[in-house]
2 protein chains.
Amino acid sequence: MNRKEDIILKAARLFRKKGFSSSSMRDIAGSVGIEAPSLYNHIKSKHEILEIILLEIAEDFTNGMNSICESDKKASQLLKEIIDLHITLTIKKTDQIGLLTHEWINLTGAAREKFLKLRNDYELNFKKVIEKGMMEGEFKKLHIDLTLFSTLSTLRWLYAWYKSNQDMDIDRLRSDMYTLLVDGLTQGLD
Amino acid sequence: MNRKEDIILKAARLFRKKGFSSSSMRDIAGSVGIEAPSLYNHIKSKHEILEIILLEIAEDFTNGMNSICESDKKASQLLKEIIDLHITLTIKKTDQIGLLTHEWINLTGAAREKFLKLRNDYELNFKKVIEKGMMEGEFKKLHIDLTLFSTLSTLRWLYAWYKSNQDMDIDRLRSDMYTLLVDGLTQGLD
DNA sequence: GTCTATATATTGATAGAC
DNA sequence: GTCTATCAATATATAGAC
């Protein structure tokens, strides 16, 4: 790992813990083990660090979602694969995901637009899966946006839960998430 | 509404939109319609504003939860009443609730401790309801903390959804939330 | 209770020596 | 590539006139 990657990683941890605006360049430099001005040999600005972190993880989600949507499996299976995607990325990039939900408000200009477009595309694809399940009679017919929002909330907050439960068996986690997020939609249908 | 209440309200909206650290005293004063130094005739500091907002809404939740837990209804009914509590407070105090999940990281000292104790007590009471449901055979036996976390995630993010869907019929909202959060736990039991 | 003027600290970022 | 020294902007907060 080179210095730039280390800066990005240490900054992500700091941003998650104290927030982007409350973390100073001196804080970041300190946790890397150098002085603040030295950071500028590797990155252009504090905002650029946030942009790199958020766009990378947003693209991870978009790429994963696109792979899933290529197939024509039934909706409950697609939903399970989306859950798997969130679990996998949560484990691999816990700090970065912790910034996804809130720190994007600190993005400006083109980076902000790009991030919001990636997020919106992701949500649209997710929505299509839920609509498909409801249309084909596999899911209960609920308010689509509310169902999307409810499912996404749990998946997005998985990182917070995972932080303090890193010892949990991943297969058990996956299985329980299926029950919580899929069975509620599929079981008890008339 | 007196000036102090107005300051708190305008600050809550600003903090939700831009974050606590990115909102300056000048910003707050501007949205109230006065100059920054005039704020200090009504509040002690910027941190005090955040403390007032967060402790008030945290106590709203604690009081509501305590009322619910006094009765000895079955767990699914208690869970529905907790959902009602979240819906009611979300509608009444959308901005303040938007700060609950993240901006508490800006609290320090005694206020931070008090807030975290209120939040922890709330979660413990919530957990007891879920445990009760699982013990009495009404809920599926899943990982208790994961179930708590999943349910709370949806309830905590309701405010974000509500912001852009204020026209939705509240009875429909309530009914769909029951289906999403309660039926998944109760239906399909062997 | 509100204002203008200002104190003091901290911020992101740059210049230039090594 | 890292450092020390420093700049310009902005932050929270206070003093004191009205």
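This one's a predicted model, so the numbers in the text were calculated from it and none came from an experiment. Reminder, nothing fancy here: chain letters follow the sequence lines and each chain counts from 1.
- Using a 4.0 Å cut-off between charged side-chain N and carboxylate O, B:Lys127 and B:Glu131 make no salt bridge.
- Taking atom OH on B:Tyr40 and atom P on C:dT4, their separation rounds to 16 Å, with Å as the unit.
- The side chain of B:Pro37 has C:dC3 as its nearest neighbour among C:dT11, C:dT14, C:dC3.
- Judged by distance alone, with hydrogens and angles left aside, the side-chain atoms of A:Lys73 form no donor-acceptor pair with the main-chain N or O of A:Ile68 at under 3.5 Å.
- The separation between A:Lys44 atom NZ and C:dA13 atom P is 10 Å, rounded to whole Å.
- Between A:Met25 atom CE and C:dA13 atom P the separation is 6 Å, expressed in whole Å.
- Atom CG of A:Asn106 is separated from atom C1' of C:dG12 by 14 Å (rounded to the nearest Å).
- Residue B:Lys46 contributes atom NZ, which lies 15 Å from atom P of C:dT10 at whole-angstrom precision.
- The residue A:Ser23 sits close only to the backbone: its heavy atoms come under 4.0 Å of sugar-phosphate atoms, none of a base.
- Taking only side-chain atoms of A:His42, from C-beta outward, the nucleotide of C:dC3, C:dG1, D:dG1 with the closest atom is D:dG1.
- Ranking C:dG12, C:dC3, C:dT14 by closeness to the B:Ile34 side chain, first place goes to C:dC3.
- In this structure, A:Lys46 forms a cation-pi arrangement with A:Phe20, its terminal cationic atom sitting closer than 6.0 Å to the ring centre and no more than 45° off the ring axis.
- If you take CG of A:Asp6 and P of D:dG1, they are 14 Å apart, rounded to a whole angstrom.
- Between A:Trp157 and B:Trp157, the angle of the ring planes lies from 30° to 60°, which puts this pair in the tilted group.
- Rounded to a whole Å, the CG atom of B:Leu39 is 13 Å from the P atom of D:dA11.
- Look at B:Glu123 and B:Arg156 and you find a salt bridge, because one of the NZ, NE, NH1 or NH2 atoms lies within 4.0 Å of a carboxylate O, short of that distance.
- Atom CZ in B:Arg26 sits roughly 7 Å away from atom C1' in D:dT10 (whole-Å rounding).
- Proximity note for A:Glu35 (side chain, C-beta onward) versus C:dC3, D:dC3, C:dG12: the nearest is D:dC3.
- At the phosphate of C:dG1, neither OP1 nor OP2 sits under 4.0 Å from any side-chain N or O atom of B:Ser38.
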